[in-house]
Amino acid sequence: MMNYKDKIAQLLAQSVEGLEVGEIRDMVEVPTDSKMGDYAFPCFRLAKIMRKAPPMIAKNIGEKLGENQLFAKVECVNAYVNMFIAREAFVEDIVKEVIEKNENYGKSDLGAGKKVIVEYSSPNIAKPFHIGHIRSTVIGNSIYKLYDCLGYDTVRINHLGDYGTQFGKMICAYRRWGNEEDVIKQPIKALLSYYTKFHVEAENDPSLDEEARAIFTKLEQGEPEEKRLWQWFRDESLKEFSKVYGMLGIEFDSYSGESFYSDKMPRFVEELKDKKLLKASQGAQIVDLEPYGMSPALITKSDGSTLYITRDIAAAVYRKEHYNFHKNLYIVASQQNLHFQQWIKIVELLGYDWAEDCVHIPFGLVSLEDGTMSTREGRVVFLEDVLNRAVEQTKEIIKEKNVNTESIDEIAKQVGIGAVIFQELSNNRIKDYTFSWDKVLNFDGETGPYVQYTHARACSVLRKAGDIVVNRAKSGEFTPSFITGDSAYGLAKLLYTYPEAIVEAAEKYEPSVVTRHIINIAQAFNRFYNDQHVLVDNEEEKIAKVALVMAAKDAIRNGLELLGIKAPEKM
RNA sequence: GCGCCAUUAGCUCAGCUGGAUAGAGUAGCGCACUACGAAUGCGAAGGUCGGGGGUUCGAAUCCCUCAUGGCGCACCA
């Protein structure tokens, strides 16, 4: 497939003085309105270099360009050179390309040989998996898929919150008020209730806190009984999390959480000391980050125990030594911006030049209509409930629509859960939002079901077209002139820019770029579908149109896959 | 108090490495199912791009400033 922008830049370079091809390429733009052309070149900046009025320059460039058969038409409007691509060749190339590559369309080897670590989801053990956790989980999963698609070696890490004094409290509470059966039946619910009770009781009885701290110290020292309970809580919690991960179709390569790094920290405390970065302050050990405009980072508490930041430094160094990453990505809420700035700066101060390869990818806050989420105060929406209700609602709609299918449960799952994921990945990550049932269960407009519906509709057309036509289309034997109308061409252009959207999404760590692009493809498809009849009597025309439908279907399916969403063939 | 982020149509949001008349969805209004799936499409309407300065041939986009909202700022993670 030809790269049109590169080609145009080369052609322009023949009549533009004083600019490199690369600079020219960057100036080539896509007009806001397609009536003004497929590509445009503004000549304002050339006025100084070429010492002529911009419209004159545009006219000269345009006349020369117009001779090339790449274009159907070249127009000069004031200082702009507007280029209209010759549609037939373009449409033929792109549709063939997509069909031929099929599920590989959009993939590349851009990242071959480079390792990217994606840390995401990372829930706390023994705490509920609520709607707030969906963001890191789903954004991280899509970023992993984007990098995988671009040929990077990827490692998915679920950095579980499975360590800290809270586990001393948990064990303490379990011994006092817990029982085994309840934990096995409903691990998160039971453990959470013990934990909550602990906080209530500790208000009146400070000795509980002391007891908890003592238990945590034992846990750290590897006392078998404490270790056993901790391991059991962890296993049971993970089992429950796995249910949600299963529903979302999400997997990890490693569940090494905070506890994994508990014995890897003393080395860095020493190293910080050796490099004279550590300072005593109010009984604790800190790194002064004042020169960098940040508050000091607390490395060890006054009782000598370590903190979150120390574990993150240890984890980063371990990962560099163990995986030798090209990039180490952290999909963590924007609330922790300062934390990441601090520890990445400390890694830099330690002299590790790979500090800049550690990237915090923040996202905005989810709140509820009645305020921020609070597990303890009962203001919480469980992710599992959201997914289940979305699936139920989808089932209702399918029954209403009377779609004849035998696998209604499976499809309802794909559509309902897909809707939740899609919505999560529609907007820029950084936006805060307020969760609402109305919104999450609304399937009209720019939603996952809309895109999936479009895919199912395309599949339906292909089924009706029959094998002979489909096979002819697949082999690339079609007459492109039948698919050069505005609606068909608009769709083809979006198929062409799909791989660029993937690269942009990966570079920006922003899955919504892909989400938006497949919405655009779906809209263009539906416009084409309403505008043109596909299964016409004329065999040649039918084959060409079926080829376009097939290409659109493939691209939508591939795009949904990058978001972690299934593309059912019926719904 | 300091720092980071956000502010675009009634609502939810794209557009931000400067480029032509600022785009979608949604709500409300009007239209299109005897053709391949109406979970669809089309049309009209809807704007001081938070305010004010500045840079530029050109600013929603870059710089300064103010306002509003969110988040963070030492022994939680």
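In what follows, every chain begins at residue 1, and chains take the letters A, B, ... in the order their sequences are listed. A quick note: this is a predicted structure, and the numbers were derived from the prediction, not measured.
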Next item on the list: Would you mind telling me which residue lines up with the more 5' stretch of RNA chain B, A/G164 or A/G445, judged by nearest nucleotide?
Entry: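 By nearest-heavy-atom nucleotide position, the 5'-most residue is A/G445.
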Checklist line | Most 5' of A/T165 and A/A40 on RNA chain B, judged by nearest nucleotide | finding: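 Its nearest nucleotide lies further toward 5', so the answer is A/A40.
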Does a side-chain N or O of [X] approach OP1 or OP2 of [N] to a distance below 4.0 Å, or not?
X: A/R457; N: B/A38; value: yes
X: A/K439; N: B/U26; value: no
X: A/N428; N: B/A14; value: yes
X: A/Y453; N: B/A39; value: yes

When the [atom1] atoms of [M] and [N] are compared, how many Å lie between them, rounded to an integer?
N: B/G43; M: B/A6; atom1: P; answer: 34 Å
N: B/A22; M: B/A60; atom1: P; answer: 9 Å
N: B/G46; M: B/U12; atom1: C1'; answer: 15 Å
N: B/G41; M: B/U55; atom1: C1'; answer: 46 Å
N: B/G52; M: B/U61; atom1: P; answer: 12 Å
N: B/U17; M: B/G1; atom1: C1'; answer: 35 Å
N: B/C31; M: B/C71; atom1: P; answer: 47 Å
N: B/A39; M: B/C49; atom1: C1'; answer: 33 Å

Notebook entry, point to check: Where along residues 297-306 of chain A does a heavy atom come under 4.0 Å from RNA chain B, residue by residue in number order?
Noted result: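 Going residue by residue through residues 297-306 of chain A, the ones with a heavy atom under 4.0 Å of RNA chain B turn out to be A/L298, A/K301, A/S302.
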Note to self: Any residue in residues 500-511 of chain A with a heavy atom nearer than 4.0 angstrom to RNA chain B? Just list them by number, or reply none.
What the structure shows: none
Hey, can you pull the donor-acceptor pairs under 3.5 Å for the side chains in residues 124-134 of chain A, sequence neighbours left out?
from: A/H130; atom 1: ND1; to: A/G132; atom 2: N; distance (Å): 2.9
from: A/H133; atom 1: ND1; to: A/H130; atom 2: N; distance (Å): 3.0

Notebook entry, point to check: Under the 3.5 Å rule, do the base of B/A20 and the side chain of A/D33 count as making a donor-acceptor pair?
Noted result: no
Notebook entry, point to check: Is there a donor N/O on one and an acceptor N/O on the other, under 3.5 Å, for the side chain of A/S281 and the base of B/A74?
Noted result: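 Pair found.
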Sugar-phosphate only, base, or nothing, as touched by [X] at under 4.0 Å among non-hydrogen atoms:
X: A/L46; result: nothing
X: A/I519; result: nothing
X: A/Q285; result: nothing
X: A/A47; result: nothing
X: A/M27; result: nothing
X: A/E258; result: sugar-phosphate
X: A/S295; result: sugar-phosphate
X: A/R45; result: base
X: A/Q282; result: base

Note to self: Of the options B/G37, B/A20, B/G72, whose atoms approach the side-chain atoms of A/M36 most closely?
What the structure shows: B/A20
Next item on the list: Give the nucleotide from the list B/A74, B/A24, B/A35 with an atom nearest to the side chain of A/H533.
Entry: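 That would be B/A35.
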Show me the donor-acceptor pairs, under 3.5 Å and distance only, between side chains in residues 289-302 of chain A and residues at least two apart or in other chains.
none

Item checked: ring centroid sep under 5.5 Å plus plane angle under 30, A/Y450 with B/A39 ->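 By the stated criterion, A/Y450 and B/A39 do not stack.
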Next item on the list: Give a yes/no verdict on base stacking between B/C36 and A/Y529: centres under 5.5 Å, planes within less than 30° of parallel.
Entry: yes
Notebook entry, point to check: Take atom NZ in A/K264; do more than 12 heavy atoms of anything else shown fall under 6.0 Å from it?
Noted result: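 Enclosed: over 12 neighbouring heavy atoms sit under 6.0 Å from NZ of A/K264.
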Margin query: For the CG atom on A/D537, are there more than 12 heavy atoms of other groups (residues, nucleotides or ligands in this structure) within a distance under 6.0 Å?
Written below: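 Open.
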Next item on the list: Applying side chain to side chain contact (heavy atoms under 4.5 Å, CB included), run through A/F216 and A/S305 and close with a yes or a no.
Entry: CA-CA 11 Å; A/F216 180 63; A/S305 57; 5.8 Å; no
Check: Considering the options A/P42, A/P31, A/P54, which one meets the side-chain contact (heavy atoms from CB on, under 4.5 Å) requirement together with A/Y80?
Finding: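 For A/Y80, the side-chain contact (heavy atoms from CB on, under 4.5 Å) test succeeds with only one of A/P42, A/P31, A/P54, which is A/P42.
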Item checked: Bracket notation of RNA chain B in which parentheses pair within the strand, [ ] cross earlier pairs, and | pairs with another strand (Watson-Crick or G-U, under 3.5 Å) -> (((((((..((((.....[...))))..((((.......))))......(((((..]....))))))))))))....
Keeping [X] on the side-chain end and [Y] on the backbone end, is there a donor-acceptor pair under 3.5 Å?
X: A/S334; Y: A/F363; answer: yes
X: A/H360; Y: A/V332; answer: yes
X: A/N530; Y: A/N526; answer: yes

Next item on the list: Could you check A/Y509, A/W343, A/Y120 and say which one makes a ring-ring contact (aromatic ring centres under 6.0 Å, His included) with A/Y330?
Entry: A/W343
Next item on the list: Please name all residues satisfying side chain to side chain donor-acceptor pair (under 3.5 Å) with A/Q423, sequence neighbours left out, ordered by chain then number.
Entry: none
Next item on the list: Test A/Y450 against A/Q523 for side chain to side chain donor-acceptor pair (under 3.5 Å), laying out the working first.
Entry: CA-CA 9 Å; A/Y450 170 78; A/Q523 275 174 338; 4.9 Å; no
Check: Taking all non-hydrogen atoms of both residues, which atom of A/A522 and which atom of A/I556 are closest, and how far apart?
Finding: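 Closest pair (atom of A/A522, atom of A/I556, distance): CA-CD1, 4.3 Å.
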Next item on the list: Determine, for A/R472 against A/E540, whether the closest basic-nitrogen to carboxylate-oxygen distance falls under 4.0 angstrom.
Entry: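 Looking at A/E540 together with A/R472, the answer is yes, because their closest N to O distance falls below 4.0 Å.
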